[in-house]
Amino acid sequence: MTELYDFDTAIDRRGTWCIQWDGVADRFGVDGLLPFTISDMDFATAPEVLAALRDRLDHGVFGYTTWQQDDFRSAVAHWYATRYGTEIDTGQLVYGPSVLNQLSQLLQMWTGQGDGVVVHTPTYDGFRKAITGLGRELRGVPVGDEEALVRELARPDAKVLVLCSPHNPTGRVWTADELTRMAELAERYGVAVISDEIHADFVHEGYVHVPWTRVAGEGRWALITSGSKAFNFPALTGSYGLIGDPADRAEFLRRMETAEGLASPAVLSLTAHIAAYREGGPWLDAVRAYVAGNLGHVAERLSADLPALGWEPPQAGYLAWIDLRAAGVDDAELQRVLVERERVAIMGGAVYGAPGFVRLNVGCPRAKVERGVEALIRAVKAVTSSPSGV
């Protein structure tokens, strides 16, 4: 199916106010690096989405807008039914400008200053900033460590489990049994669950995403997500969620519409979501297959040149989470060589609380991936053969 779309031709993103390309110096201190950083893709969104956006632009009137209409609600329901075999209650839907904004509102509703918020480690830095920025205590449990999860959820001041499903940055897809167990534990200890599922649409072949709605029990819960990650339109803003409890849902909407003054969503985001969920499935399947090929190329090159790493592609997403600890790499020296010699920007694992790792974004044309992985291999070899990388 990938032959129907061109993912190989590079699109020049420089000069478009793009964080990944134009803002690289803000994080790495140097302009002009080839970036493999923030989690958006270098591909244009689906043709069906672009066509819908053009039609809406041609209308020419951009007044106040409502998301509470059947075109949007039914598109979301259609997506869950066709992609996940899941029937959702569209009466549970809410809307917000971003997934992280929804997270912030829910944390303010369900926690107080100093309360514990449990997350899996390594941890997406946006979670860390939101939780600690609100004065809550982030409590990390390693991915797959159920004993640690039970211990943290059982603490009297643990109020919320923030679940990343699939997990960022590792690309782990939680099984139905794992999610059911988390739901049982959360209900047992009276901990609310906020499940961020923005990476769900990028689960790779052989794995299955289970929406939180399928396992949620009687406790407090919210599923927050957006089509922006899979269809690559985060600049349009816009996200949506499902909140189980009617009173919590009403309070969330009250906050958004009055306290936050966000009653009117971005109309182009609504347009993009509806088109993506109604017509964009074939494009998504094609781009996911292309990215899987990119990840396979990374695995092949690392296996050939750095076999001790034993790296395998993630179960979901376009972010290659690479454990370099077996190579004995010094993080600071590796970043210096990557930036100064190789002229590439690759996220260090310390950003996510995991020194010794890197996160390489392969949501881009194959030629760019080839440059990135070759630069990483050369840099690792340089810093492990010479303390100074020279």
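Just so you know, residue 1 is the first one in the sequence shown, and it goes up from there. Below, all heavy atoms of this structure are taken into account, side chains as well, without hydrogens, waters or symmetry copies.
Between the Gln108 side chain and the Ser104 main chain, a donor and an acceptor come within less than 3.5 Å of each other. Checked by atom type and distance alone, the side chain of Glu137 never pairs as donor or acceptor with a backbone atom of Val118 at under 3.5 Å. A side-chain donor-acceptor contact under 3.5 Å links Arg249 to the backbone of Gly91. The closest donor-acceptor contact from the side chain of Ser239 to the backbone of Gly96 lies under 3.5 Å. Between the side chain of Arg359 and the backbone N or O of Ala320 there is no donor-acceptor pair closer than 3.5 Å. In this structure, Asp22 contributes its side chain and Trp17 its backbone to a donor-acceptor pair below 3.5 Å. In terms of modelled atom types and a separation under 3.5 Å, the side chain of Glu197 and the main chain of Thr225 share no donor-acceptor contact. A donor-acceptor pair under 3.5 Å links the side-chain atoms of Asn232 to the main chain of Phe43, judged by distance alone. A donor-acceptor pair under 3.5 Å links the side-chain atoms of Ser264 to the main chain of Thr65, judged by distance alone. Judged purely by atom type and a 3.5 angstrom limit, Ser226 uses its side chain to pair as donor or acceptor with the backbone of Gly238.
Between Leu100 atom CG and Phe127 atom CZ the span is 7.0 Å, to the nearest 0.5 Å. The CD atom of Glu187 lies 12.5 Å from the CG atom of Leu153; values are rounded to the nearest 0.5 Å. Once rounded to the nearest 0.5 Å, the distance linking CG of Leu302 with CG of Leu309 reads 6.0 Å. Once rounded to the nearest 0.5 Å, the distance linking CZ of Arg151 with CG of Asp145 reads 6.5 Å. To the nearest 0.5 Å, the span separating CZ on Arg172 from NE2 on His199 amounts to 15.5 Å. Residue Leu306 holds its CG atom at 8.0 Å from CG of Leu324, rounded to the nearest 0.5 Å.
Put simply, Trp283 and Ile11 are part of two different groups of oily side chains (I, L, V, M, F, W, Y) that touch within less than 4.5 Å, one to the next. Residues Leu253 and Val99 share a hydrophobic cluster, clusters being chains of Ile/Leu/Val/Met/Phe/Trp/Tyr side chains in contact below 4.5 Å. Taking hydrophobic clusters as Ile, Leu, Val, Met, Phe, Trp and Tyr residues chained together by side-chain heavy-atom distances below 4.5 Å, Phe36 shares a cluster with Phe7. Following chains of ILVMFWY side-chain contacts shorter than 4.5 Å, one can reach Leu185 starting from Trp110, so the two form part of one hydrophobic cluster. By the criterion of side-chain heavy atoms lying less than 4.5 angstrom apart, applied directly or through intervening Ile, Leu, Val, Met, Phe, Trp or Tyr residues, Ile198 is grouped together with Leu236 in one hydrophobic cluster.
Considering all non-hydrogen atoms of both residues, Ala292 and His204 come closest at CB-ND1, 4.2 Å. Considering every non-hydrogen atom in both Ala266 and Thr237, the closest pair reads CB-OG1, 3.7 Å. Heavy-atom minimum distance, Ser165 versus Leu179: OG-CD2, 4.3 Å. The minimum heavy-atom distance between Val94 and Gln102, with the atom names listed, is CG2-OE1, 3.8 Å. Leu270 approaches Pro265 most closely through the heavy-atom pair CD1-CG, 3.7 Å. Of all heavy-atom pairs between Gln105 and Phe252, the closest is CB-CE1, 3.8 Å.
For residues 166-191, the pairs satisfying ring-ring contact (aromatic ring centres under 6.0 Å, His included) are His120-Trp174, with sequence neighbours left out. Pairs of residues two or more places apart, or lying in two chains, never qualify as ring-ring contact (aromatic ring centres under 6.0 Å, His included) while including a residue from residues 141-166.
Residues Lys229 and Asp196 are not paired through a salt bridge, judged by the lack of any N-O separation under 4.0 Å between the basic side chain and the carboxylate. Using a 4.0 Å cut-off between charged nitrogen and carboxylate oxygen, Glu184 and Arg188 do not count as a salt-bridge pair.
The aromatic rings of Phe72 and Tyr95 stand perpendicular to each other, their planes meeting at an angle above 60°, with 30° marking the opposite boundary. Ring geometry for Phe231 versus Phe233: interplanar angle under 30°, hence parallel rather than tilted (30 to 60°).
Donor-acceptor pairing under 3.5 Å is lacking for the side chains of Thr66 and Gln68. Residues Arg136 and Thr111 bring a donor and an acceptor atom of their side chains to less than 3.5 Å of each other. Side-chain contact check for Tyr84 and Asp201: at least one donor-acceptor pair (N or O, by modelled atom type) lies under 3.5 Å.
Within 6.0 Å of atom CZ in Arg371, 12 or fewer heavy atoms from other residues, nucleotides or ligands are found, so the atom counts as exposed in its surroundings.
Contact check for Ser39 versus Tyr318: side-chain heavy atoms found under the 4.5 Å cut-off.
Geometrically, Arg366 engages Tyr290 in a cation-pi contact defined by less than 6.0 Å to the ring centre and at most 45° from the axis.
Lys368 pairs in a side-chain contact (heavy atoms from CB on, under 4.5 Å) with only one of the listed residues (Asp42, Val344, Asp8), which is Asp42.
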**OP:** Carefully, step by step, assess Arg181 and Glu178 under the rule salt bridge (Lys or Arg N to Asp or Glu O under 4.0 Å).
**Re:** CA-CA 5 Å; Arg181 176 64 172 158; Glu178 288 172 326; over 6 Å; no

**OP:** Show your reasoning for whether salt bridge (Lys or Arg N to Asp or Glu O under 4.0 Å) applies to Arg83 and Asp285.
**Re:** CA-CA 11 Å; Arg83 284 276 148 171; Asp285 292 338; 2.9 Å; yes

**OP:** Kindly determine whether Asp31 and Arg14 satisfy salt bridge (Lys or Arg N to Asp or Glu O under 4.0 Å), including the steps that lead there.
**Re:** CA-CA 11 Å; Asp31 278 321; Arg14 293 182 177 90; over 6 Å; no

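Taking Ile, Leu, Val, Met, Phe, Trp and Tyr as members and joining any whose side-chain heavy atoms lie under 4.5 Å apart, directly or through other members, the hydrophobic cluster of Val24 also contains Phe28, Val30, Leu33, Trp321, Val339, Met347, Val351, Tyr352, Phe357.
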